[in-house]
Amino acid sequence: MTVAAASPAPAAESPAPVAGSGAMIEANGLSKFYGPFAAVRDVSFAVPQGQVCAFLGPNGAGKSTTMRMLTGFLAPSAGTARVGGFDVAEDRIPAARTLGYLPENGPLYQEMSPAGFLSYVGKARGLAADRLKARAEYVKEACSLGPVWGKPIAKLSRGYRQRVGMAQALLHDPSVLILDEPTGGLDPNQVAGVRELIGRLRGEGKTLLISTHILREVRAVCDRVLLISAGRLVFDGPADELAGSEEEMEAKFRELTAKPA
Ligand SMILES: Nc1ncnc2c1ncn2[C@@H]1O[C@H](COP(=O)(O)OP(=O)(O)OP(=O)(O)O)[C@@H](O)[C@H]1O
């Protein structure tokens, strides 16, 4: 649920600088066990400032679980996560100020309009009234929410609901965005709109981690690919290193994520 992303904290000021490795997103040996089942096993990576990184994997591979641990919404069984240099478990408030998160299932609070919902989220994050007004105008335009600004979220199409989710993730102008399937269930025009928005965010120097199933989009917008299969990281490198053409990329994806016989 999207509002959870607003819960940790007031976001009045910019956080202190990134420390340590200089990475904006860091997974250090992250694991999540449900009983004996390992949803995520010993996943480590670091995303530098300004990089747009795709997080790929088959259904059930562990993408959402990893993202929830990176955003501090799920406690890992082992390992640590840092955003903007802040440990998401120990330094929750500055980590939350640095981070915008689009969870898998988009925004709820169905009876609210996008305007009301974003105002609610902004206040929960501690944005001052004039800043909230300015940021709401920005996300309204950036996410093309003008036509539905005053309509109940319950009445919106899936594409518009997804944009409301993006708008809440962007509202406090975070330098890191973790987006769980921002193009899930969208039509090609809507996918193109998300691609454009990601390009704009890249231009603003944001650091992005994006899970997706659309390999074509990865080649279009991402600098780097992290591929997870059965909870383990099986590839980490530039998209063109994974494969030259879209067909080759699909073949490589299947090869790297094939279950052992
Ligand atoms: N609370 C839970 N209890 C038990 N198993 C869980 C729980 N949450 C997730 N899992 C399991 O962990 C594995 C990883 O799930 P996760 O949602 O992270 O995958 P995913 O890569 O995001 O998949 P999708 O692309 O379908 O969203 C799956 O097998 C899932 O069934």
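Predicted, not measured: the structure shown is a model, and the values here were computed from it. For the single chain, residues carry numbers from 1 onward in sequence order. When a ligand or atom number is given, it counts from 1 through the structure's own listing order.
- Within the 4.0 Å heavy-atom shell around ligand 1 one finds Gly62.
- Looking only at protein heavy atoms, the nearest one to atom 26 (O) of ligand 1 is Asn59 ND2, 2.9 Å.
- Looking at Arg158, its side chain never comes within 3.5 Å of a backbone N or O of Asp187 through a donor-acceptor pair.
- Atom 11 (C) of ligand 1 has as its closest protein heavy atom Phe37 CE2, 3.7 Å.
- There is a protein heavy atom less than 4.0 angstrom from atom 14 (C) of ligand 1.
- Gln162 contributes a side-chain N or O that, together with a main-chain N or O of Pro182, makes up a donor-acceptor pair within less than 3.5 Å.
- Looking from atom 25 (O) of ligand 1 to the surrounding protein, the closest heavy atom is Lys63 NZ, 2.8 Å.
- In Lys32, neither the side chain nor the backbone holds a heavy atom less than 4.0 Å from any atom of ligand 1.
- Ranking the protein heavy atoms by distance from atom 27 (O) of ligand 1 puts Glu104 OE2, 2.7 Å first.
- In summary, the side chains of Ser211 and Asp180 do present a donor paired with an acceptor at a separation below 3.5 Å, with no hydrogens or angles considered.
- The 12-atom threshold is exceeded at CD of Glu204, counting heavy atoms of other residues, nucleotides or ligands nearer than 6.0 Å.
- In this structure, atom 31 (O) of ligand 1 has its sub-4.0 angstrom surroundings free of protein heavy atoms.
- The residues Asp236 and Arg224 are annotated as salt-bridged, a charged nitrogen and a carboxylate oxygen being separated by less than 4.0 angstrom.
- No part of Ser211 comes within 4.0 Å of ligand 1, judged by heavy-atom distances.
- Closest to atom 17 (O) of ligand 1 among all protein heavy atoms lies Ser64 CB, 3.7 Å.
- In terms of modelled atom types and a separation under 3.5 Å, the side chain of His172 and the main chain of Thr98 share no donor-acceptor contact.
- Close approach of ligand 1 to Ala39 (heavy-atom distance below 4.0 Å) involves ligand atoms 12 (O), 13 (C).
- Close contacts of ligand 1 with Pro58, meaning ligand atoms under 4.0 Å from a residue heavy atom, involve 21 (O).
- Protein heavy atom nearest atom 5 (N) of ligand 1, with residue, atom name and distance: Tyr34 CD1, 3.4 Å.
- Looking from atom 16 (P) of ligand 1 to the surrounding protein, the closest heavy atom is Thr65 OG1, 3.5 Å.
- Counting the atoms of ligand 1 from 1 in the order shown, those under 4.0 Å from a heavy atom of Ala61 are 19 (O), 20 (P), 21 (O).
- Nearest protein neighbour of atom 28 (C) of ligand 1, counting heavy atoms only, is Gly60 O, 3.6 Å.
- Using a distance-only test at 3.5 Å, with no hydrogens or angles considered, no donor-acceptor pair links the side chain of Lys206 to the main chain of Val52.
- The two residues Pro114 and Leu156 make their nearest non-hydrogen contact at CG-CD1, 4.0 Å.
- Shown in contact with Glu181 at under 4.0 Å from a heavy atom are these atoms of ligand 1, numbered in order with element: 25 (O), 27 (O).
- Between Leu226 and Cys53 the shortest side-chain heavy-atom distance falls below 4.5 Å.
- With Pro76 as the partner, the side-chain contact (heavy atoms from CB on, under 4.5 Å) test is satisfied by one option alone out of Val43, Leu30, Asn28: Leu30.
- Side-chain atoms of Val139 and Leu145, non-hydrogen and from C-beta on, never get closer than 4.5 Å to each other.
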